[in-house]
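Notes for the one structure printed next.
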Amino acid sequence: MIDQEYTLYSLRKRISAFIIAISFLFFALIVRLIVVQVFYGNSLQLKAYGQWTRDLPITAERGKIYDSNGATLAVSFTTYDIYIRGREVKDIAKVASVLSKKLNMDYNLIYDKASIKTVSEVLVKLQVDSQTAKEIMKENLSGVFFAESIKRYYPYGNLLTQILGFTTIDNVGQAGIEAYFNNILSGTDGSFLVQSDLQGKEIENSLRVFVDAVAGDNIYLTIDVNIQRIIEEILEKIMIEQKCKSASCIIMNAKTGEIVASSSKPSFDLNSIPRDDAVSLMEMTKNKIVVDVYEPGSTFKILTMSSALESGVTNLNDHFYCSGYHIVDGQRIKCWKTTGHGSQDLTTGLVNSCNVVFMTLAQRMGVENFYNYLKKFGLGSKTGVQIASESSGILMNQDYVKNVDLARIGFGQAVAVTPLQLITAVCAAVNGGTLYTPSIIKQTTSFDGTIKTQNQANAKTNVISQSTSNTINEMLKKVVNKTEEYSFVAGYDVGGKTGTAQKYENGAIARGKYISSFIGTYPASNPEYVMLLLVDEPGAGAYYGSVVASPYAKEIFSKMFEYLNIEPIKEVQNEYFEMPDLVNKSLLQAITELNNIGVSYEVDGEGGIIVKQLPPPGTKVDKNDTVLLITN
């Protein structure tokens, strides 16, 4: 009896333990199910969906790029990427025959692709144009699939090469605005999902899902494409006529800091990118306006003059004497006119571009005072423009500047700037004293045109006073208008300054290599536009900015005024003369003859006999132009 009771008791215990174990197991399964459903449900569902379906991408339409007036500079259009799914191909020979003919591809290559059964799909070709893709679709080839893609197109071809940049074949910005604002322009890709079996074949009459792509935002630049076309046309002309290494130009709105036009040559067509030559491509893609630094030479004298006037170390009644050189710390530093300019007032010193005057002004200010103004003008630091790879220029450490360095900085040596830095600083000198952050973006909009961001002029600091700026403007007007008040561009109020800078290689002066430049303002009395033109290593026989750069700057201004419908202030009839033959004459005879005509001249060399002249004899020359005399 006891054994029976013990046996029943043991059985009950075992049953209870079994029930508890089963209950615990079910409880654990329920907990696990809750965890899977609540915490991992979405991610697991996505993984499962990825196994059930095949995904063909739908590339988002890239945002457009416009100029300031709404002209389209970069646009996208639909193309098709073509794939083959070997497991679904019924007639390999037909697929290879049709695709090879329509796509201009090798028959055997496509035959091999169509024969592959080990992978779900293989790519045949990217970015096939719509017309060709539609012709292939009409063939109803089994196993051939199409995915919509986007290709970039630039309506103006080689215009704005460095500014716009370009994209990869996958529509990722690779240079210029395309790269800098890639996140804004690119949008969000969509996809086309179809249900498939274990082998990746599409299940007929199954569910298809479209996930729409979201188009990128549009960008409006501050660039005026019509002014851009003017400068690029002239730059191409410079490249041919001056046989130079490169030519660059930038035009800025002095009152806002907006870049109106900017270009460097040589360049290339953005619709036909030369990817086979990486070195050449990188050089032509580089935006020299913001990347390259150079010694500015005489154009820098605008900043020295502005600083000297504002600091009170000089005034318009001041006089200077130039004997052709200036001795600083025992070193004899030449003026560009080695015979000297003699006695001259401050304005005449700028008109003559006399190095002695500007060495004297720099020394009067001293290192600390002069550097204070140079840093206010933004030298030695980036401007903050929304363009990639901007350089900060080179401003010697203030603690190590010697008197001889200070003197050279005064006339534009021993300091290096980017073209953008220089024009930004000059804008501050002529606009009343306000330094602006340069801007290239006017606004951004969503794909439907809703404005998302809008650029506002960003004033950094006030560098000089309005009165000093007014004085600088009057001086620059006198620099370029040789015979009459409005003669540089007949009838128009233009100011400006030329520059001729030596180049350096391996820390030493590169013999015979120069950068010729011109910086101009309009209207000179209250500038709205400032233009900087650079000719790198001119090879046609002249290198002075007044001879090489100035005539082309005049042409740019003239075409610009015509486009903007700006009428001249007054009718001015410039005088012309026929260039006499001065070769083999003495320098004194040549100068006397040119003075009798009333034309300006530059002398290259220190010999006494003229061996070459520019322009050549018999050329019709404007009296406002500058003649170059090359001696032996």
Side-chain angles (χ1 to χ4, degrees), residues 65-69 71 73-74 154 156-166 175-181 219-239 246-254 256-268 270 283-294 296 299 378 382-391 393 417-427 436-442 455 515 517-522 528-536 549 552-553 556-557 559-560 563:
I65 302 176
Y66 299 96
D67 85 331
S68 59
N69 300 312
L73 303 175
Y154 303 91
Y156 290 93
N158 68 349
L159 207 70
L160 284 159
T161 298
Q162 296 86 14
I163 293 292
L164 292 177
F166 48 87
I177 294 292
E178 295 278 26
Y180 196 93
F181 293 97
I219 290 178
Y220 286 77
L221 303 183
T222 58
I223 298 290
D224 185 321
V225 73
N226 293 300
I227 297 178
Q228 183 73 25
R229 291 171 78 173
I230 290 170
I231 70 168
E232 296 214 16
E233 176 188 326
I234 301 300
L235 291 178
E236 292 283 8
K237 185 178 179 180
I238 292 172
M239 291 293 293
S246 67
S248 305
C249 182
I250 179 171
I251 299 176
M252 184 178 284
N253 186 318
T256 64
E258 292 181 337
I259 297 171
V260 178
S262 177
S263 180
S264 294
K265 297 294 179 182
S267 62
F268 56 89
L270 290 169
E283 182 63 24
M284 289 190 290
T285 300
K286 182 174 64 174
N287 193 332
K288 298 177 186 295
I289 300 291
V290 300
V291 176
D292 285 0
V293 298
Y294 73 108
T299 51
K382 297 179 181 180
T383 66
V385 70
Q386 293 173 304
I387 298 175
S389 304
E390 183 185 8
S391 301
V417 297
T418 65
L420 182 64
Q421 273 183 322
L422 181 61
I423 195 172
T424 302
V426 171
C427 281
Y436 288 100
T437 299
S439 58
I440 191 74
I441 304 299
K442 183 179 181 180
N455 178 62
I515 296 179
S517 61
F518 176 89
I519 195 155
T521 62
Y522 175 82
E528 181 177 355
Y529 296 102
V530 176
M531 172 179 64
L532 175 59
L533 177 65
L534 301 163
V535 183
D536 187 5
Y552 297 104
I556 290 173
F557 270 131
K559 290 180 179 292
M560 212 172 105
Y563 158 65

Any side-chain heavy-atom pair of [X] and [Y] under 4.5 Å:
{"X": "Thr285", "Y": "Phe268", "answer": "yes"}
{"X": "Leu534", "Y": "Tyr294", "answer": "yes"}
{"X": "Lys265", "Y": "Ile238", "answer": "no"}
{"X": "Pro266", "Y": "Met239", "answer": "yes"}
{"X": "Ile163", "Y": "Asn287", "answer": "yes"}
{"X": "Asn158", "Y": "Glu236", "answer": "yes"}
{"X": "Tyr522", "Y": "Ile251", "answer": "no"}

What residues, two or more places apart in sequence or in another chain, satisfy side chain to side chain contact (heavy atoms under 4.5 Å, CB included) together with Ala388?
Tyr180
Identify, with sequence neighbours excluded, every residue that meets side chain to side chain contact (heavy atoms under 4.5 Å, CB included) alongside Thr222.
Glu258, Ile259, Ser439, Ile440, Lys442
Point-to-point distance, once rounded to the nearest 0.5 Å, from [atom1] of [X] to [atom2] of [Y]:
{"X": "Ile227", "Y": "Ser68", "atom1": "CD1", "atom2": "OG", "answer": "8.0 Å"}
{"X": "Gln386", "Y": "Thr437", "atom1": "CD", "atom2": "OG1", "answer": "9.5 Å"}
{"X": "Ile423", "Y": "Cys249", "atom1": "CD1", "atom2": "SG", "answer": "7.5 Å"}
{"X": "Leu221", "Y": "Phe181", "atom1": "CG", "atom2": "CZ", "answer": "8.5 Å"}
{"X": "Ile231", "Y": "Met560", "atom1": "CD1", "atom2": "CE", "answer": "10.0 Å"}

Any residue meeting salt bridge (Lys or Arg N to Asp or Glu O under 4.0 Å) with [X], in chain and number order, not counting sequence neighbours:
{"X": "Lys286", "answer": "Glu283, Asp292"}
{"X": "Glu178", "answer": "Arg62, Arg152"}
{"X": "Lys559", "answer": "Glu233"}
{"X": "Asp536", "answer": "Lys503"}

Run the side chain to side chain donor-acceptor pair (under 3.5 Å) test against [X] and tell me which residues pass, sequence neighbours left out.
{"X": "Thr418", "result": "none"}
{"X": "Ser264", "result": "Ser248"}
{"X": "Glu390", "result": "Thr383"}

Search all heavy atoms of [X] against all heavy atoms of [Y] and return the closest pair with its distance.
{"X": "Ile289", "Y": "Ser262", "value": "CG1-OG, 3.5 Å"}
{"X": "Phe557", "Y": "Gly520", "value": "CZ-C, 3.9 Å"}
{"X": "Ser263", "Y": "Leu235", "value": "O-CD1, 3.6 Å"}
{"X": "Ser389", "Y": "Val291", "value": "O-CG2, 3.4 Å"}
{"X": "Gly378", "Y": "Gln421", "value": "O-NE2, 3.6 Å"}
{"X": "Ala553", "Y": "Leu533", "value": "N-CD2, 3.7 Å"}

Ring pair (Phe, Tyr, Trp, His ring centres under 6.0 Å) against [X], all qualifying residues, sequence neighbours excluded:
{"X": "Phe518", "value": "Phe488"}
{"X": "Tyr436", "value": "none"}
{"X": "Tyr66", "value": "Tyr220"}

Between Ile519, Val426, Thr424, which is the residue that forms a side chain to side chain contact (heavy atoms under 4.5 Å, CB included) with Leu532?
Ile519
